[in-house]
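Heads up: the structure comes next, in C-alpha cells.
Convention: sequence-line order gives letters A, B, ...; per-chain numbering from 1. Keep in mind that this is a model prediction, so the values were computed, not measured.
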Amino acid sequence: MVPEVFRVERRAEEFPGTFTLHLSPIGMGRVAGFQPGQFSMLYAFGTGEVPISISGPSDQGSGYVYTIRTHGMVTRALENLREGGQLGVRGPFGSDWPISSLAGREILLVAGGLGLAPLRPVIYTLLSRGGGSAVRLFYGARSPREMLYRDELVEWSRSMDVQVSVDQAERGWTGRIGAVTDPLAATSFDAGKSIAFLCGPEVMMRFCIRVLLEKGMPPSAIYLSMERNMKCATGHCGHCQWGPSFICKDGPVFRYEDIRQWFHIRAL
Amino acid sequence: MQTFILQAEYLDRLIQAIRADGYQVLGPTLAERAIVYDEIRSADDLPRGWTDEQEKGYYRVKRREDDAYFGYAAGPHSWKKFLQLPRRPVWRAQKSIHPMQITAVVEEAPAMAFLGVRSCELHAIATQDRVFVDGRYQNDSYAERRGKLFIVAVNCTSAAATCFCTSMNTGPKVTLPNDLEMTEVIDGENHYFLLCSGSGKGERILRQLPLKRAGKRHREAERDSIQQAVKQMLEGPRSFDSSDLKELLYRNYESPAWDQVADRCLSCANCTMACPTCFCSTVEDTTDLSGEHAQRWERWDSCFTADFSYITGGPVRPDTRSRYRQWMTHKLATWYDQFGTSGCVGCGRCIAWCPVGIDITEEVQRIREAEKP
Amino acid sequence: MKKIVDLLREHPFFDGIEEEYLEFIGGCGEIVGYSAGDALAEEHAPAEHFFLIRQGRVAIETYVPGHGKVCLQTLQHGDIFGWSWLFPPHQWTFDARAVDRVRAIRLGGKCLREKCSRDTELGYELMRRFARIMTERLQATRMQLLDIYGHPSRPAGGQ
C-alpha cells in the first residue's frame, strides 16, 4: 500500500513543537472518507512514516487535518514542511469513536494534552448536531500556553460545557489549575445514560477511568484511544500488538469493557 | 487418492520434472555444517545420508547409517525466507518531479517449488497465510509468491530431540493441502518413496515419473515409519498437553517464571528469526546522495529489540522480562485470539537455536509449576 | 435569604450528613463574599477558618523568590478550602486569593474544634470527609507532578 501525495495547504503552530497541517490531495491523491478516531500514516519523504490521528471534520471532503507534536526524525521532517510542501498519506486506518450511539446520552469527552486532536472530529460532529447541555468536554493541558485549539475552545464553550484545567499557569490565567480528574470528579451525570470518550496519556486515562467507575459509569460506556509503535498500519508488522489486539486494526479506539483485562497489565 | 512408489534412484526425475514445469526448486542442502534451504538443481544437491542432532542450544549435522535424502529434522532455515522476504523494497519515491511520485515496487514473483516441506512447516505456512493473505489487507509480495507455490510435502519418519509437533497437533503426518506428498522408506536394500498427488499440478508431475502402484506392504511400511516419529516424540521430554495454553498464559502475566527466564534470555532475537511463523517486520527509509530519490524497505524485525515497542517517552516493553513474555504469550496464547490458531507449530527451532538453551516447552512447564500452591 | 443550614446542606462536602449535625455546625458559620484579588488566607497568618466555596474561584498560591506568586491549584464551586485550623500551630501554609467574585461559607476553626471534641461522632464524621478530600488532592497533586503532557526528554532517533 503506497502513500498518496498531498500538499500542505495551511500550517498553524499551536505552540512551539506542536503544529497543525491542513492537507489537500495533488496528483493521483484523493481524500477517502473517514470516521472520527481513525488515523493515517504520514510519510515524510525519505525519512519515514508516523501514525497521526485525523483531527479535522469528517464531513469535509476536501482535505485532511492533523495535529502533530515533534518528537523524532519523522515528525521533525513534517514540522519543517511549509505551505506548498508535499508529503505522503496512507489511510485512514483503525476503529472509530462510536458516534452513532451518542443520541440521547450525556456525553463526557475527556482529553489530555495532544489527546484533544483525535477527539476534535467528534466535537465537530456534535456541534453540527447543535452541541447542547448533554455534551461536556474536560481538557487537561500542561499550561495555558500548551493548549491546543485555544480559539476554538472559547467558541465551543458557547455550545457545550468546556472545562479546561492546566497543571501550571502563568499569571493572568483565570481558569482551573489542577489535574483533569478534579473537574471530572466534581461533575455529576446519570451513570446509566452517559458515555465517555477518553484520549490522552495512558496514565491520565487510567486515573480518569477510575474516577468514572467510582461515579458509577459502567465499563461498557467508556471508550479510549490507545497508542503503540506502528510501522505498517495494516496488521502485518506486529509492532502495535497489545495483548491479543493490534492497535492498528482492532483499535486505536477500544471499549474499556473489552480491554480492561489488558489495560492494567504493565509493559504489555 | 492413489499412492505410488518411486524408487529412490529416480528421485532426480521428480526434481527435473518440477523444474521443467517452470519452477525454481528449493529444498534441503548441506551448507556451512547445517541443513539449509536453497536452490536444488538435482538430487545430488540433497543432503543424502546426513542427519542432524539437536538439543537445547545445540545443532550438529552428522552422517546417517543409510542414504536417506530426508533423514533430518527442522534446520536453522524455514521456508518463510522465500515467502516473507527478509528484506525487500516496498516503494520508491522521487521528488525531482512535481508532484512528488511514490510508486510501489512490484516484483515478478518467481514460481517456486518447495521440496521436502514437513507437516509442521505446512502448518507454519498456513499460519503466515492467515497474517498476510487472509486479512483485510494483503502483503502483495507474500501473496504473489504464495499463490504460485508448488509444495512437495514430506512425512517425518524420525524426530529430533527438540521436536514436539505431536504436542501442538501439527504432525508428523502431513494433513494440510499440498501438491505432492511423499514418504521416504528404507527397508533393507529397498529405498523408495511413496507418492501421491494433492492437486492437478501434482498429478501432472506424477504422470511423468516411472511409478509403480503402492501395495498394502508399502503402505504399512509408511505408516510404521511415521508412527516411529510419533513414538519418539510422545516418549520424549517435550511431550505435553497444549490444550489449555491460552488460558494458562492469560492468567500468568505476572508469573515469577518470567523473571527467571529473563535472567537467562539475551534478547538476541535468534528464536524469532528461526521461527517459521514469526512475522514481525520493520521499515527502513533511505535517500540517495542527491536527496531526490527515496526508497522504503521492509525487513524482518523482532519483538526482542529495544526499538520494537518504542513510543513517545520510551519503549513500552523496556526489559527482557516483558519482551520474552510478549514473544511466548503471543506464540502460545494471543495468537489464538488473533488468528484462530496457535502461533507455535512445535518445530523446535527456537530451542536448538537459542544460544543459552532456553526451551519454550520447559518454560510452559515452569509457569505451570509456579502456579501450583 | 437562605439560612446558613440550607447553604451547608447544598454543599457537596456535607452530602448526606445528619440534619442535627448541620444545625450544630451551622452555629460556627457565616456567609461571606470576596472580590477578585481579595485574600482569603495568607501564609503564616493564623488559620482560624474553614471555607466551603459556593461560587467563584480561589487560587492557592505561594511566593517563590524570583518568580513572584505561583499558583499551585485552583478551587471552585463545591470545593472546600483550609485545614490548617485543625492542627497546631493553626497557621496557613499557603496564600489563598479570590480569582473572581467568590461566595463562601466560613466556619470558625476554634468553634469546630470544640464541637468535634465534645461530640466525637461528629468529629469522626468530619475527619472522614476531610481525609477523603485530602487523599483526592494528594492524588491530583501527584498527577500534576508526573507532568504527563510535557515534552518527554528522549534520545535522538525514534519517530
Residue B/Q128 versus chain A: region with a heavy atom under 4.5 Å: neither

Atom group of A/L268 that falls short of 4.5 Å from chain B, counting heavy atoms: both

Check: A/Y66/A/S40 side-chain N/O donor and acceptor closer than 3.5 Å: yes

Proximity breakdown for B/F308 and chain A, heavy-atom pairs closer than 4.5 Å: both

Portion of B/H330 that has a non-hydrogen atom of chain A nearer than 4.5 angstrom: side chain

B/R366 bridged to B/E363 by N-O distance under 4.0 Å: yes

Interface moiety of B/T286 toward chain A, non-hydrogen atoms closer than 4.5 Å: backbone

Heavy-atom pairs under 4.5 Å with chain A, option from B/E284, B/Q84, B/Q138 with the top count: B/Q138

Donor-acceptor side-chain pairing of A/T20 and A/T67 below 3.5 angstrom: yes

Contact origin within B/D301 toward chain A - heavy atom pairs under 4.5 Å: side chain

Best-contacting candidate, B/Q326, B/E298, B/K95, against chain A by heavy atom pairs under 4.5 angstrom: B/K95

For A/D96 against A/V253, the heavy-atom pair lying closest together: O-CG1, 3.6 Å

Heavy-atom pair of closest approach, residues A/C208 and A/L198: CB-CD2, 3.8 Å

Pairs of heavy atoms under 4.5 Å with chain A: top-ranked of B/R136, B/R323, B/Q94: B/Q94

Donor-acceptor pair between B/S322 and B/D319 side chains, under 3.5 angstrom: yes

Heavy-atom contact with chain B under 4.5 Å, split by part of A/T47: backbone

Top of A/D250, A/I26, A/V5 for chain B proximity - count of heavy-atom pairs under 4.5 angstrom: A/V5

Residue from A/W242, A/Y223, A/F197, A/W262 passing ring-ring contact (aromatic ring centres under 6.0 Å, His included) with A/F254: A/W242

Six-ring centre of B/F132, B/R146 cation under 6.0 angstrom, axis tolerance 45°: no

Heavy-atom pair count under 4.5 Å with chain B, highest-scoring of A/S245, A/P201, A/G243: A/G243

Which portion of A/R7 sits near chain B, non-hydrogen atoms under 4.5 angstrom: neither

Exercise: do B/T305 and B/D307 side chains pair donor with acceptor under 3.5 Å: no

Pick from B/D337, B/T329, B/I102, B/T287 with the largest number of heavy-atom pairs that fall under 4.5 Å of chain A: B/I102

When B/A104, B/A294, B/G135 are compared by non-hydrogen pairs under 4.5 Å with chain A, the top option: B/A294

Closest-packed option against chain B by number of heavy-atom pairs under 4.5 Å, given A/Q261, A/E202, A/Q241: A/Q241

Choice from B/T334, B/V283, B/D285 maximising heavy atom contacts with chain A below 4.5 Å: B/D285

Ion pair B/E107/B/R88, N-O distance below 4.0 Å: no

B/R321/B/E254 ion pair, N-O < 4.0 Å: yes

